[in-house]
Amino acid sequence: HRFGGLATARLGYTYSYVNQDRTDPNSQLLVGQQRLGFTPSDYSSNQGYLAVRTGENFGPLVMQASLSGTSFIGSGIYDGAYSNFATFETAYAFTRTIAGLVEIGYEDIHYNTVPQTDISDMIWAVGTRLTPNPDSLIIAKYGRRYGFDSFFLDGTWAIGVRTNLSANYTDRLTSSGLDAGGLLSAI
């Protein structure tokens, strides 16, 4: 919903079901060989979210408050798992091409890993958003999320009329099943 030039609000719900299994259940391993890096998983998730963002009436200042919660139903690490986030983000455009970014919030995460993963911690980040031309955007931040400090980079640079150079780097708490679910919900 749009409140004139004052703010916009988004309220939503996403349901996902992911069943990730081995692509070839009949594949044979050599004696003594182990299958590494993949654990079959299936889960369903229910996610609700609310975000309120300032509008153009605030000029170069942008603020956004958001709440999101996801509960999982599944086996293994997903049995009773959840992830909840509350964040407040702000950006201030110093010029048309440079903006400063600040984020603060709280996270509450639980997965049935071994050992069990329980994170109840503050979220914070500082960074910059660069817009060198209308078709390019680079966001670089450093902060704390998922219980550890890390660097974040997401950028696209238009190097030609039909050519973009893209880069993305992030450290985050995830699994192959969560990655598959995230790709499906982004479509």
Heavy-atom pair with the smallest gap, counting every atom of Ser166 and Thr156: OG-OG1, 3.4 Å
Within-4.5 Å side-chain heavy-atom neighbours: Ser120 and Tyr106: yes
side-chain contact (heavy atoms from CB on, under 4.5 Å) between Tyr49 and Thr14, worked out: CA-CA 9 Å; Tyr49 59 89; Thr14 303; 4.1 Å; yes
Approximate separation, where rounding is to 0.5 Å, of Thr131 OG1 and Asp135 CG: 11.0 Å
From OG1 (Thr70) to CG (Asn84), nearest 0.5 Å: 7.5 Å
Shortest non-hydrogen separation from Ser68 to Gln47 and the atoms involved: CB-NE2, 4.1 Å
Distance in Å, Ser45 OG paired with Ile73 CD1, rounded so as to fall on 0.5 Å steps: 9.0 Å
4.5 Å side-chain heavy-atom contact, His110 and Asp108: no
Parallel, tilted or perpendicular: rings of Phe72 and Tyr111 (30°, 60°): tilted
Heavy-atom side-chain contact between Tyr146 and Ile109 under 4.5 Å: yes
Cluster overlap Tyr142 with Ile138, hydrophobic side-chain contacts below 4.5 Å: yes
Donor + acceptor pair across side chains of Thr87, Ser66 (<3.5 Å): yes
Side chain proximity check, Arg145 to Glu107, heavy atoms < 4.5 angstrom: yes
Expected output: side-chain Thr128 to main-chain Gly100 donor-acceptor under 3.5 Å: no
Sub-4.5 Å side-chain heavy-atom contact between Leu67 and Phe85: no
Connected hydrophobic set around Phe152, excluding itself, where side chains approach under 4.5 Å: Leu101, Leu137, Ile139
Close side-chain approach of Arg53 to Glu89, heavy-atom, < 4.5 Å: no
Beyond-backbone contact of Phe151 with Asp171, side-chain heavy atoms, under 4.5 angstrom: no
Minimum-distance pair of heavy atoms, taken over all atoms of Ala7 and Val52: CB-CG1, 4.5 Å
Same cluster (ILVMFWY, side-chain, under 4.5 Å), Tyr82 and Tyr78: no
hydrophobic_cluster_shared for Val102 and Phe58, side chain cutoff 4.5 Å: no
Leu130 reachable from Tyr169 in the ILVMFWY side-chain graph, under 4.5 Å edges: yes
ILVMFWY cluster, Leu6 and Leu61 together (side-chain gap under 4.5 Å): yes
Side-chain cluster (under 4.5 Å, hydrophobic types only) that Val62 belongs to, other residues: none
Gap separating the OG1 atom of Thr90 from the CD1 atom of Ile104, nearest 0.5 angstrom: 12.0 Å
Donor + acceptor pair across side chains of Asp42, Tyr17 (<3.5 Å): yes
Phe88 side chain reached by Gln64 side chain, heavy atoms, under 4.5 Å: no
Salt-bridge criterion met for Arg129 and Glu103 (N-O under 4.0 Å): no
Leu153 versus Ala140, closest heavy-atom pair with distance: CD1-CB, 4.2 Å
Distance flag, aromatic centroids of Tyr15 and Tyr13, threshold under 6.0 Å: no
Exceeds 12 heavy-atom contacts within 6.0 angstrom, atom CZ of Arg144: yes
